Protein chains: 2
Amino acid sequence: MIDDVTLFGLKVLRQVAATGSFAAAASELGYTQSAVSRQMAALEAAVGEQLFERERRGVRLTPAAEIVLSGATRALAELETTGQQLAGLRDRAAGRW
Amino acid sequence: MIDDVTLFGLKVLRQVAATGSFAAAASELGYTQSAVSRQMAALEAAVGEQLFERERRGVRLTPAAEIVLSGATRALAELETTGQQLAGLRDRAAGRW
DNA sequence: GTCGGTTACGAGCACCGTAATTATC
DNA sequence: GATAATTACGGTGCTCGTAACCGAC
């Protein structure tokens, strides 16, 4: 089971995957490098699997990380959709169709 | 956007929906009533919508809560699937097919 | 020296449990 | 009184930023 992962950790992972480095992800998210580093360390601990190959210019995702990333993407998309449905509900409640 | 909701909050919501009361959900999850109450208050704040009708014997979910619940269920299912895929990865790595 | 990731330290805040409170039966 | 939710209070622990540190170029 992959428990005690956090939504924020998954968002950070997504950003790391998009940018290829902790530093870039941090700057993109408005956090510091160290915060991202710790978040990803926590994610690795929660998953129980190494997620990154540390390289000269950032990190590369391991196969395990790719799995987590795709699950994270789907889960976050569901929450995104949920937000849109709620907006729709509010519109209907306000009489705007 | 429905941001700063927490995975734990969604799990609590799921349990509240299953049991019909904060107290029962709390007992089921091994937390206190007050913790569940605060979690759901935080969820309502994050969603920006009332989620529960407080009634004599617990709570009833509002339409907004049903939307959140179904999104939460799908998101949590994605993470569940992710956990299974990781387990599969580990098995393959260990030479067990 | 630079760049990128890690880690010790201190501070702030998030979240819990206990317990008191309110409200409905 | 019993049940169920809310809330004040205190304490623990999480997570952040700063800053120092460790490679690899």
Side-chain angles (χ1 to χ4, degrees), chain A residues 2-66 68-69 72 76 79, chain B residues 2-66 68-69 72 76 79:
Chain A
I2 138 185
D3 223 349
D4 58 314
V5 310
T6 174
L7 274 182
F8 181 57
L10 298 180
K11 290 181 189 172
V12 174
L13 172 63
R14 194 171 51 174
Q15 200 64 41
V16 168
T19 60
S21 86
F22 288 3
S27 144
E28 201 70 30
L29 292 166
Y31 284 82
T32 59
Q33 234 179 67
S34 79
V36 168
S37 174
R38 279 182 307 239
Q39 278 291 333
M40 295 300 93
L43 187 59
E44 284 185 318
V47 168
E49 203 79 39
Q50 190 181 348
L51 296 180
F52 308 101
E53 310 270 353
R54 275 74 174 176
E55 295 182 334
R56 176 66 189 90
R57 295 210 137 290
V59 297
R60 195 161 43 84
L61 301 198
T62 63
E66 298 287 355
V68 176
L69 174 63
L76 292 171
L79 297 182
Chain B
I2 136 185
D3 223 348
D4 59 315
V5 311
T6 174
L7 274 182
F8 181 56
L10 298 180
K11 289 180 189 174
V12 174
L13 171 63
R14 195 171 50 172
Q15 200 65 42
V16 168
T19 60
S21 87
F22 288 4
S27 142
E28 200 70 30
L29 293 166
Y31 285 82
T32 59
Q33 232 178 68
S34 78
V36 168
S37 174
R38 280 183 306 238
Q39 279 291 332
M40 295 301 92
L43 187 59
E44 282 184 320
V47 168
E49 203 80 40
Q50 190 180 349
L51 296 181
F52 308 101
E53 310 270 355
R54 275 72 176 176
E55 293 184 335
R56 176 62 189 93
R57 296 212 137 286
V59 296
R60 194 162 44 85
L61 302 198
T62 64
E66 298 287 355
V68 176
L69 173 63
L76 291 171
L79 297 181

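Keep in mind that what you see is a predicted model, and the values were worked out from it rather than measured. Numbered from 1 within each chain, the chains take letters A, B, ... in sequence-line order.
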Give the B/S/- string for nucleotides 1-11 of chain D, one per nucleotide from 5' to 3', where a protein heavy atom under 4.0 Å of the base yields B, of only the sugar-phosphate yields S, and otherwise -. -BBSBBBB---
Roughly how many Å is it from CG in Asp4(A) to P in dC14(D), rounded to a whole number? 11 Å
For the atom pair CD (Glu49(A)) and CG (Leu43(A)), what is the distance rounded to the nearest 0.5 Å? 11.5 Å
Take atom CD of Gln39(A) and atom P of dT15(D), then tell me their distance rounded to the nearest Å. 7 Å
Rounded distance (Å) that lies between atom P of dG4(C) and atom CD of Glu28(A): 14 Å
Output all residues satisfying side chain to side chain donor-acceptor pair (under 3.5 Å) with Arg38(B), sequence neighbours left out; order by chain, then residue number. Ser34(B)
Determine which pairs satisfy salt bridge (Lys or Arg N to Asp or Glu O under 4.0 Å) with at least one residue from residues 9-28 of chain A, sequence neighbours left out, and list them in order. Lys11(A)-Asp3(B)
Tell me what Phe8(A) touches on the nucleic acid: a base, only sugar-phosphate, or nothing, going by heavy atoms under 4.0 Å. sugar-phosphate
By side-chain contact (heavy atoms from CB on, under 4.5 Å), Ala26(A) pairs with (sequence neighbours left out) Val36(A)
Can you sort out the partners of Glu53(A) under salt bridge (charged side-chain N to carboxylate O under 4.0 Å, His left out), two or more places apart, ordered by chain and number? none
Output the rounded distance in Å from CD (Gln15(A)) to P (dG4(C)). 15 Å
Once salt bridge (Lys or Arg N to Asp or Glu O under 4.0 Å) is applied, what residue pairs with a partner in residues 54-64 of chain A remain, sequence neighbours excluded? Glu44(A)-Arg54(A), Glu55(A)-Arg60(A)
